[in-house]
Amino acid sequence: MKKTVQELLLVDNIQLNHDNFKLVLQAPTKLPQIFPGQFVNVEIKKATEIFLRRPFSVLDVNYENNTFSLLVKILGRGSKVLTTYQSGDKISVIFPLGSSFTLPDKNDRVLLVGGGSGVAPMLFLAKICGLKPENVHVILGARSQQDHIDISAYKAFGNYYFTTEDGSLGEKGFVTHHPVFSQELSSFDKVYTCGPDLMMKAVAKEAADKNIFCEVSLENMMACGFGVCLCCVEKTKEGNKCVCTEGPVFNINKLTW
Amino acid sequence: MKKTVQELLLVDNIQLNHDNFKLVLQAPTKLPQIFPGQFVNVEIKKATEIFLRRPFSVLDVNYENNTFSLLVKILGRGSKVLTTYQSGDKISVIFPLGSSFTLPDKNDRVLLVGGGSGVAPMLFLAKICGLKPENVHVILGARSQQDHIDISAYKAFGNYYFTTEDGSLGEKGFVTHHPVFSQELSSFDKVYTCGPDLMMKAVAKEAADKNIFCEVSLENMMACGFGVCLCCVEKTKEGNKCVCTEGPVFNINKLTW
Amino acid sequence: MVDLSVRIKDLTFKNPVLTASGTCGFGEEIADFMDLSKLGGIVMKGTTLKPREGNDYPRMAETPSGMLNAVGLQNKGVDNFIQNIYPNIKDIDSQFIVNVNGSTIEEYVELTEKINELDKIPAIELNISCPNVKEGGMAFGVSCPSAEAVVRAVRKVYSKPMIVKLSPNVTNIAEIAKAVEGQGADAVSLVNTFLGMAVDANTRKPVLSTITGGLSGPAIKPIALRMVWQVYQAVKVPVVGMGGIMNATDAIEFMLAGASAVQVGTAIFIDPTIPVQIVSGIQSYMETHGIQSASELTGSLQI
Amino acid sequence: MVDLSVRIKDLTFKNPVLTASGTCGFGEEIADFMDLSKLGGIVMKGTTLKPREGNDYPRMAETPSGMLNAVGLQNKGVDNFIQNIYPNIKDIDSQFIVNVNGSTIEEYVELTEKINELDKIPAIELNISCPNVKEGGMAFGVSCPSAEAVVRAVRKVYSKPMIVKLSPNVTNIAEIAKAVEGQGADAVSLVNTFLGMAVDANTRKPVLSTITGGLSGPAIKPIALRMVWQVYQAVKVPVVGMGGIMNATDAIEFMLAGASAVQVGTAIFIDPTIPVQIVSGIQSYMETHGIQSASELTGSLQI
Ligand SMILES: Cc1cc2nc3c(=O)[nH]c(=O)nc-3n(C[C@H](O)[C@H](O)[C@H](O)COP(=O)(O)OP(=O)(O)OC[C@H]3O[C@@H](n4cnc5c(N)ncnc54)[C@H](O)[C@@H]3O)c2cc1C
Ligand SMILES: Cc1cc2nc3c(=O)[nH]c(=O)nc-3n(C[C@H](O)[C@H](O)[C@H](O)COP(=O)(O)OP(=O)(O)OC[C@H]3O[C@@H](n4cnc5c(N)ncnc54)[C@H](O)[C@@H]3O)c2cc1C
Ligand SMILES: Cc1cc2nc3c(=O)[nH]c(=O)nc-3n(C[C@H](O)[C@H](O)[C@H](O)COP(=O)(O)O)c2cc1C
Ligand SMILES: Cc1cc2nc3c(=O)[nH]c(=O)nc-3n(C[C@H](O)[C@H](O)[C@H](O)COP(=O)(O)O)c2cc1C
Ligand code: FES
Ligand code: FES
């Protein structure tokens with residue numbers, strides 16, 4: 001898949017909750033195929049202090065309109081300014097970047113576990129994985145109810161469970177405290193996860209214990225996003241690997257976690 | 001007059017011609033008195049590459065609304081981004097800065113000569129100098145008709161003459177080619193000018209030749225705008241002077257022009 | 001209440017935030033914007049024995065996240081300072097430090113002797129690092145022997161706290177710091193500006209009248225921070241850190257890296273209230289992190 | 001048609017724009033974004049005799065108008081280069097230059113001997129200025145005797161054009177340039193990164209695993225430009241300029257200050273098409289200013 005730098009048109013910027021926004025970007029020409037786990041690198045010009053681009057996973061693609069969307073969570077200066085962009089603004093984006101999750105086989109039962117902005121690739125994967133909804137189980141974790149976003153647009157593609165640290169929505173605790181983990185984990189053929197490192201490590205451990213195929217999508221500090229700077233390395237069993245080109249999706253067997 | 005740094009509200013941004021905009025800023029509290037020739041120093045946050053503030057002369061003040069306006073001409077990166085700000089945006093401004101033109105005496109006949117963005121303090125001076133309109137004569141110069149702005153709001157305060165380099169509006173040539181200079185200059189008690197250096201030097205020379213009181217408002221590269229960096233010096237007969245505190249308005253007798 | 005005060009030798013600053021020389025005039029110029037007594041100290045505009053006109057215009061170029069200046073120590077000379085400025089500042093409740101400059105060692109000494117007479121000037125900052133003068137200045141600060149010579153000579157005539165301001169335009173700043181410590185410097189301050197240059201591609205000329213100038217502002221912060229950290233490990237005297245500090249977080253970074261106090265320079269041009277904002281920002285940081293005394297921050301970086 | 005080509009010794013570059021080592025991989029990684037044959041040359045990722053894993057993560061910190069990196073010469077070693085990379089690049093119509101690194105002089109020499117065998121590698125860039133390795137690297141580049149020793153040894157085994165890449169972390173870069181010129185360098189390239197540091201005030205730890213790293217990007221441009229100008233005046237060999245070049249105007253500034261060619265580094269991370277944009281930007285500039293040959297730009301600053 002050829003990577004390009006393009007000026008995209010921001011066609012929508014929707015606030016999803018107190019710190020999450022959905023940005024919809026339109027390309028002037030036909031979009032290449034983009035898969036869950038892949039990401040884009042966004043230039044944020046409207047801020048005095050931002051120098052490097054900021055990476056964001058793709059949340060969804062609409063090939064008819066040549067649009068794709070990003071789920072942007074306000075973390076620091078860059079993400080904050082990005083959420084103030086308005087429809088009609090042009091944004092320079094490098095895409096598509098990185099590897100995608102291994103799509104499940106036709107009859108797989110899959111568990112998707114997302115937290116924080118890691119929710120984006122999980123929803124995308126649920127939508128396009130092509131499985132029967134009853135075989136797609138998605139656990140989404142957050143600190144509290146107000147940190148969850150409305151996922152009704154994705155409801156049709158699977159079964160959704162929520163956890164919150166304060167118990168304000170769904171199960172109380174971390175994602176791995178959800179009964180799915182204690183009761184049904186062995187029933188899944190594949191586990192996919194994206195979110196905070198600690199969360200992914202906990203999920204990976206559960207999957208590894210039961211010897212279930214598990215892929216995680218790592219987020220780390222990137223300068224380029226397309227494999228030239230060698231800043232984004234993760235220590236793997238085969239030495240340092242670039243997260244932006246050899247990942248961000250890794251099978252947990254490769255990691256030294 | 002105490003200088004302050006304040007977050008002002010942009011209440012209006014009106015495009016005046018292809019590269020001139022009028023920005024109206026509102027202070028949360030009572031404005032201090034501001035006089036023609038004084039300027040403000042504006043922070044431009046919405047641009048990756050701007051570090052220092054940008055100085056702009058005050059075009060007009062409305063003490064009832066606590067607003068003042070600036071005439072911003074697009075010159076480079078900062079002024080360009082500034083003109084994209086929208087009503088409702090907050091802008092940090094340091095003001096009021098610098099010295100003002102010496103207000104004319106009650107019965108003076110005055111000639112005001114403005115070019116480029118130097119038009120701003122001339123219009124402001126025409127408006128508030130308190131003279132009978134027949135004693136206020138304003139020559140505004142520009143490259144061509146499209147570079148002039150609509151000055152109808154100031155019509156009542158004086159007599160306006162235009163020059164353009166291509167002859168598309170008013171007299172053809174530079175401001176000093178206007179017949180007022182060759183025919184009436186001696187009839188004025190005071191000459192004020194603001195605009196490109198070359199223009200001001202030409203005006204100053206004419207006034208000096210006839211021994212007429214003449215003040216110019218200098219624009220140079222400023223880092224601070226309030227007298228601490230010593231970057232904005234102009235060589236005067238009394239040594240280097242700070243344009244931002246000892247000017248920007250100087251009597252031509254002091255300059256080494 | 002957390003204790004913001006810090007000490008350099010026997011001199012106490014009510015908080016670790018000073019304004020940097022050449023960026024705050026003599027204090028008066030920024031008094032409109034803040035109560036000067038809220039500052040730990042004010043390092044005044046570089047002073048010389050005789051008046052100096054400074055360099056020709058243009059003296060400034062904006063650069064990415066920074067600026068070049070080529071002011072060249074414009075000042076009215078020490079006698080004017082004593083007669084016209086000292087009387088106005090001597091009763092303000094802050095520490096006013098004179099930034100001492102010379103083209104020759106004799107000039108440094110003679111100037112310091114005059115400053116020594118001023119009761120209410122508690123310390124000097126000996127500037128051996130100005131990149132914008134033809135004689136003296138940075139030339140003294142880029143080799144150990146010449147730096148030592150100036151410090152030794154001035155030390156003989158000055159017994160109050162002497163802060164020596166170092167140039168970053170050197171291979172090994174820690175060596176220079178050790179050298180001046182060896183000659184009796186009570187503290188070192190760093191960094192002065194980096195020698196830089198700006199070119200106007202359109203006119204094909206240098207932007208500054210002096211061709212090169214001194215680079216300051218956030219652009220230099222990572223290098224300045226590294227130098228403070230290196231010097232902190234090399235010397236025993238306190239380090240005053242500066243270079244691109246724009247907010248309390250930046251100031252804290254310098255203190256963690258080893259600074260006992262910081263100076264805020266170019267940031268003042270962007271917003272003259274930044275120094276006092278930094279004072280309160282450090283205070284909240286200390287409260288949040290349960291730090292009792294500002295001096296605990298110094299060098300507390302966890303490696 | 002203006003003539004964009006420039007020469008270093010007997011080597012012709014079709015235009016003065018090269019990509020900088022460590023910022024463009026081996027060319028392949030940026031081939032999606034541009035036609036590599038539009039570039040004057042490609043200086044490939046720093047290569048060592050033996051494979052290197054580089055430093056631990058985190059290796060990067062964003063800084064005002066720049067970034068720190070602490071990659072530490074991660075690469076698969078020269079044999080891997082010869083077997084797996086050289087075959088892919090040797091037919092691309094640009095100049096592929098190997099950036100040569102070593103911990104010891106022997107390593108530099110042995111590596112260079114291997115590169116010497118490769119017909120389609122027309123030149124090496126001898127890196128004596130990497131700030132991110134424990135041994136060798138910058139240590140060679142910050143003193144004249146050690147810089148001379150490496151260059152002398154490598155010169156003996158390599159007769160094609162040798163560009164020596166200088167460290168900016170020195171008091172007098174012109175001296176180092178003269179020293180390596182004296183040992184037979186055919187050109188000097190500058191600057192490599194500045195040694196800098198980033199601190200996380202929240203965790204009270206350094207941001208980089210290696211504490212210090214190399215600063216690059218527009219932040220350093222004013223200093224790099226000054227160094228190019230100083231070196232240009234000091235040596236007769238061509239100067240390859242770099243440090244924060246983001247657009248054609250920046251590139252032209254370096255050429256006016258004395259660079260015969262430029263390298264574009266960190267800008268590639270922001271937009272990998274910048275190098276080819278710079279090529280056309282220089283062409284328009286030359287057309288506008290009536291300049292026939294790019295080499296006329298070199299050092300044509302009007303003082
Ligand atoms: C492959 C990939 C995919 C991503 N997908 C998404 C997504 O879909 N939605 C989303 O909201 N975010 C996503 N992120 C994270 C996003 O890139 C960061 O939130 C963003 O760069 C923060 O920029 P900022 O300027 O707001 O924060 P800054 O002000 O730069 O940083 C704020 C704090 O966060 C830390 N930080 C910033 N970026 C990272 C990072 N990448 N890894 C670890 N720590 C970091 C900084 O060290 C700092 O302490 C992704 C990151 C990667 C690498
Ligand atoms: C006291 C004062 C009052 C001013 N009043 C007005 C006003 O009312 N309206 C208005 O539109 N402009 C005014 N200006 C000029 C205005 O400050 C500049 O146009 C603005 O700073 C340019 O910023 P920029 O980022 O757009 O240009 P940049 O990209 O920074 O510069 C573009 C080019 O213009 C040159 N340049 C920029 N600023 C100046 C300057 N101040 N003097 C000389 N050359 C300069 C630069 O060297 C560069 O070549 C005033 C300036 C001063 C000092
Ligand atoms: C316009 C200007 C003038 C300066 N004048 C002096 C001076 O007179 N004496 C001195 O020691 N340092 C002088 N400096 C250096 C500053 O004190 C400070 O060391 C430097 O700017 C780095 O800090 P900053 O990045 O916070 O500005 C000057 C800096 C600037 C920008
Ligand atoms: C991530 C990164 C890796 C680098 N690796 C090397 C290297 O391997 N060899 C080398 O000589 N320079 C290396 N450099 C330095 C660049 O080639 C260049 O000298 C420096 O970044 C300044 O130019 P710039 O500001 O355009 O990036 C590296 C720079 C960066 C940012
Ligand atoms: S971010 Fe540059 S190699 Fe991955
Ligand atoms: S702009 Fe700083 S003194 Fe005038």
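Every chain is numbered from 1, with letters handed out A, B, ... down the list of sequences. Remember, predicted model here, so these are calculated numbers, not experimental data.
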**Item:** Residue D:Asn202 versus chain C: region with a heavy atom under 4.5 Å
**Value:** both
**Request:** Report the option among C:Leu68, C:Ile303, C:Ile173, C:Ile211 that has the most heavy-atom pairs separated by less than 4.5 Å from atoms of chain D.
**Result:** C:Ile211
**Request:** Side chain from CB out, backbone as N, CA, C, O: work out which of these in D:Leu215 comes under 4.5 Å of a heavy atom of chain C, or both, or neither.
**Result:** side chain
**Asked** Which one, D:Asp250, D:Thr288, D:Val199, leads in non-hydrogen pairs under 4.5 Å with chain C?
**Response** D:Val199
**Complete:** Cut-off 4.5 Å, heavy atoms of chain C, and the answer for D:Thr203 is backbone
**Message:** Less than 4.5 Å apart, side chain to side chain, heavy atoms only: is that true for C:Arg204 and D:Ile291?
**Reply:** yes
**Message:** Could you check whether any side-chain heavy atom of C:Leu301 comes within less than 4.5 Å of a side-chain heavy atom of D:Met197, counting everything from C-beta outward?
**Reply:** yes
**Complete:** Answer key: most heavy-atom pairs under 4.5 Å with chain C among D:Ser300, D:Pro64, D:Ser167 is D:Pro64
**Request:** Answer whether the closest heavy-atom distance between the side chains of D:Ile223 and C:Leu195 falls below 4.5 Å.
**Result:** no
**Prompt:** Under 4.5 Å between any side-chain heavy atoms of C:Thr212 and D:Trp229, yes or no?
**Reply:** yes
**chain C interface, residue from D:Gly196, D:Pro168, D:Pro222 that has the most non-hydrogen pairs under 4.5 Å** = D:Pro222
**Asked** Which bit of D:Tyr285 comes within less than 4.5 Å of chain C, counting heavy atoms only: side chain, backbone, both or neither?
**Response** side chain
**Asked** Of the non-hydrogen atoms in C:Thr171 and D:Val142, which two are nearest, and what is the gap between them?
**Response** CG2-CB, 3.7 Å
**Message:** Please give me the minimum heavy-atom distance between C:Ala198 and D:Leu225, naming the atom from each residue.
**Reply:** CA-CD2, 4.2 Å
**Asked** Any idea which of C:Gly66, C:Gly217, C:Ala219 has the most non-hydrogen atom pairs under 4.5 angstrom with chain D?
**Response** C:Ala219
**Prompt:** Side-chain contact, heavy-atom cut-off 4.5 Å: C:Asn169 with D:Arg226?
**Reply:** yes
**Asked** How close do D:Ala201 and C:Ile252 get, heavy atom to heavy atom, and via which atoms?
**Response** CB-CG2, 4.0 Å
**Request:** Could you have a look at C:Val170, C:Ile220, C:Thr63 and say which one has the most heavy-atom pairs with chain D under 4.5 angstrom?
**Result:** C:Val170
